[in-house]
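No hydrogens, no waters, no symmetry mates; every other heavy atom, side chains included, goes into these values. The first residue in the sequence is number 1, and the count goes up from there. All ligand and atom numbering here is 1-based and tracks the order in the structure.
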Amino acid sequence: MATQRETWRTHTGMMFAMIGTEVGLGNIWRFPYLCGKYGGGSFLVPYMVLLVGVAIFGMMCEWVIGRSTRREPMGAFQKIGFPFGRDIGAWGVIGPFFLYSYYIVITAWVLFFIVASAAGLYFGENTEDFFLGFLGSKWVFVAHAAAVAFTSLVLSFGVQKGIERACKVMIPSLFVLLIIVAVRSLTLPGAREGVEFYMRPRWAGIANAEAWLAALGQVFFTLSLGMGAMIIYGSYMRKSWGIPLNAFACSFGNTSASILAGFAIFPAAFALNLGGAVEGKEAVGLTFLVLPEVFGTMPAGRLFGGLFFLLLAFGALSSAISIQEPSIAWMKDELRWPRRKSALLTGVVLWLMGLPFVINGFVTHGAAGGSAGIGEKLALLIKMDKVINYLGLPLLALIAILAVGWVMKEKGFAELNRNARIKIGRWVKPWLRYVVPVLVLLVLVANLLEQFFGDTYKELVGAELPGFESVGITPLTVITIIVVCGIVWGGAIGGFLTVVGVERRKAREAQSRGADG
Ligand code: PHE
């Protein structure tokens, strides 16, 4: 390879970029809506189990593949000798186009809602009518084009000047804003019920096989796996950085944002007696209908609403950047095109691919005399989200895990532990080879059983989702809060501080070596 491969400039910059791709609509839009749909705290159990048992390993494996080959997904799978490597890797280049096409549409709504909240446009109005009105207006086209233009522009600047620099500003701001909104939400009178709903697991919810399938899709989605993004981002990693510690820190850092988002949303929604609306709410409900209602009725709603959507925009844009990057990397690596040209071309293609989703929402509005419901207007988008999450992501993410476990073998394990301060033991081998596939298989089988023997299955495991009844904060709720927040925030902060510490020590050592020499 004649051209010099781009890399992240600094270790912490790399972590911000990684968390930048991870934290996005998945944390603030998708995670709370899945929690709402699958019984609040009940969803946390499959989510945490699959995060720790499967997804973190998926992330390490994608980094291993990316860093050891220094290629985009097609070249990477070929180089490690995976059967039909190029064809399989192609999904890591093509898949992101489909993900981006609808992801950026939701990002566009977010951009509009920053302005709408700050100006109080929906205050005192029915939020559903307001949202429908927006989908049928020209603004949705403007916001969509602006969002695509933004990510293409950042990407035309490259890895260090573009991605790393943008994320270093956006990600810390996102966390600060998220904490501010969560504190506001938790201090509203009546917030407790929301905490209880959000943090109390109930057996019936845990035994629901569909919740496990949703959690499986979600853990891959939230860690940006199965889309080539992490393979590419891994290929920009330096060999001197340890993979395991970074993977733990980034996964828990990402999850801490999801947990915070839940604390920002549920207490406020319940405080304003919107609990009923939270339960079983489909895709758009929570973020674009319930929350605006919360902002519209809470003190300083304009400020907090504006801040909330601003932070969501930061998260969504930094993720969208990483979804666009694989195709640009492919054009650079394989066609030797300059970055600018690839960024422009992908931008145009992605803009065109997003139009059907925008138009679906736009035309169904006027056609039926303005009476089309949200479900119809978003039918296309929700279908695409399901296909991508139930099929697209898990498939390639699993293949990456199997590739390291069965194809790269010793080479893969060596790359995983290369220069790592905290090394992973030999148990990782059977884990990647057998435990992960079995876990995933179990989720799929349970779902088939539930599909085909619905009632018998439900009777057997008692998985009928109960309605929400308020019983006050129970000991179980307290234990869940301590365990979940402890693991997630402890892991994130501990991991991050260790990385910073290691970097400092290395810098000192390098300095003293310099002084000696
Ligand atoms: N992880 C991102 C989010 O949660 C979405 C994403 C998926 C980004 C796959 C890149 C690849 O919003």
Side-chain angles (χ1 to χ4, degrees), residues 16-35 47 51 55-56 58-59 62-63 66 72-73 91-110 147 151 154-155 163 166-167 170-171 174-175 178 214-236 247 250-262 283 287 311-329 346 350 381 384-398 400:
F16 282 125
M18 291 294 182
I19 296 183
T21 155
E22 291 170 14
V23 176
L25 295 172
N27 307 68
I28 300 160
W29 163 69
R30 223 165 172 279
F31 175 80
Y33 111 63
L34 291 176
C35 275
Y47 177 84
L51 179 84
I56 294 187
M59 181 142 94
E62 292 204 6
W63 285 353
E72 43 63 55
W91 179 247
V93 180
I94 299 165
F97 277 91
F98 292 97
L99 172 60
Y100 184 102
S101 65
Y102 77 90
Y103 193 96
I104 205 71
V105 175
I106 307 171
T107 308
W109 303 342
V110 175
T151 64
V154 169
L155 282 168
I163 310 177
C167 289
M170 293 202 284
I171 295 306
L174 184 156
F175 272 87
L178 201 49
L216 187 68
Q218 175 62 13
V219 291
F220 288 135
F221 186 88
T222 194
L223 293 191
S224 304
L225 301 176
M227 275 288 133
M230 279 302 180
I231 296 182
I232 295 283
Y233 274 32
S235 78
Y236 302 142
C250 291
S251 309
F252 288 128
N254 167 64
T255 303
S256 63
S258 299
I259 299 290
L260 264 176
T287 312
L311 76 89
L312 186 49
F314 283 167
L317 287 167
S318 56
S319 298
I321 286 173
S322 76
I323 310 176
Q324 192 175 353
E325 172 66 10
S327 51
I328 296 182
T346 51
L350 289 168
L381 189 146
M384 186 62 111
D385 187 54
K386 286 222 166 95
V387 173
I388 288 285
N389 278 282
Y390 288 169
L391 288 173
L393 303 185
L395 211 65
L396 194 70
L398 258 184

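Considering backbone and side-chain atoms together, Ile323 places no N or O closer than 3.5 Å to any N or O of ligand 1. At least one N or O atom of Phe221, backbone or side chain, sits closer than 3.5 Å to an N or O atom of ligand 1. Here's the thing with Leu25: one of its N/O atoms is less than 3.5 angstrom from an N/O atom of ligand 1.
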For this session: Check step by step if side chain to side chain donor-acceptor pair (under 3.5 Å) holds for Thr346 and Ser327.
Result: CA-CA 7 Å; Thr346 51; Ser327 51; 4.8 Å; no
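From Ile231, atom CD1 reaches atom CD of Glu62 across 4.5 Å, with rounding to the nearest 0.5 Å. For the atom pair CG of Leu391 and CD1 of Ile388, the computed distance is 9.0 Å after rounding to the nearest 0.5 Å.
Aromatic ring pairs are classed by plane angle as parallel below 30°, tilted from 30° to 60° and perpendicular above 60°; the pair Phe98 and Trp91 is parallel.
Without hydrogens or angle criteria, Glu325 side chain to Ala229 main chain gives no donor-acceptor distance under 3.5 Å. Here the side chain of Ser319 pairs a donor or acceptor atom with the backbone of Thr21 at under 3.5 angstrom. Formation of a donor-acceptor pair under 3.5 Å by the Asn27 side chain with backbone atoms of Asn254 is found in this model. Between the side chain of Tyr103 and the backbone N or O of Leu25, at least one donor-acceptor pair lies under 3.5 Å.
Proximity to Thr222 (heavy-atom distance under 4.0 Å) selects the following atoms of ligand 1: 1 (N), 4 (O). The atoms of ligand 1 that sit less than 4.0 Å from any heavy atom of Met227 are 9 (C), 11 (C). Applying the 4.0 Å criterion to heavy atoms of Asn27 picks out, from ligand 1, the atoms 4 (O). Counting the atoms of ligand 1 from 1 in the order shown, those under 4.0 Å from a heavy atom of Ser322 are 8 (C), 10 (C).
The side chain of Leu99, and not its backbone, has at least one atom closer than 4.0 Å to an atom of ligand 1 (non-hydrogen atoms only; side chain from C-beta on).
Ligand 1 lies within reach of Tyr103, whose nearest heavy atom is under 4.0 Å from it.
Among protein heavy atoms, atom 4 (O) of ligand 1 sits closest to Glu22 O, 2.9 Å. For atom 8 (C) of ligand 1, the closest non-hydrogen atom on the protein side is Ser224 OG, 3.3 Å.
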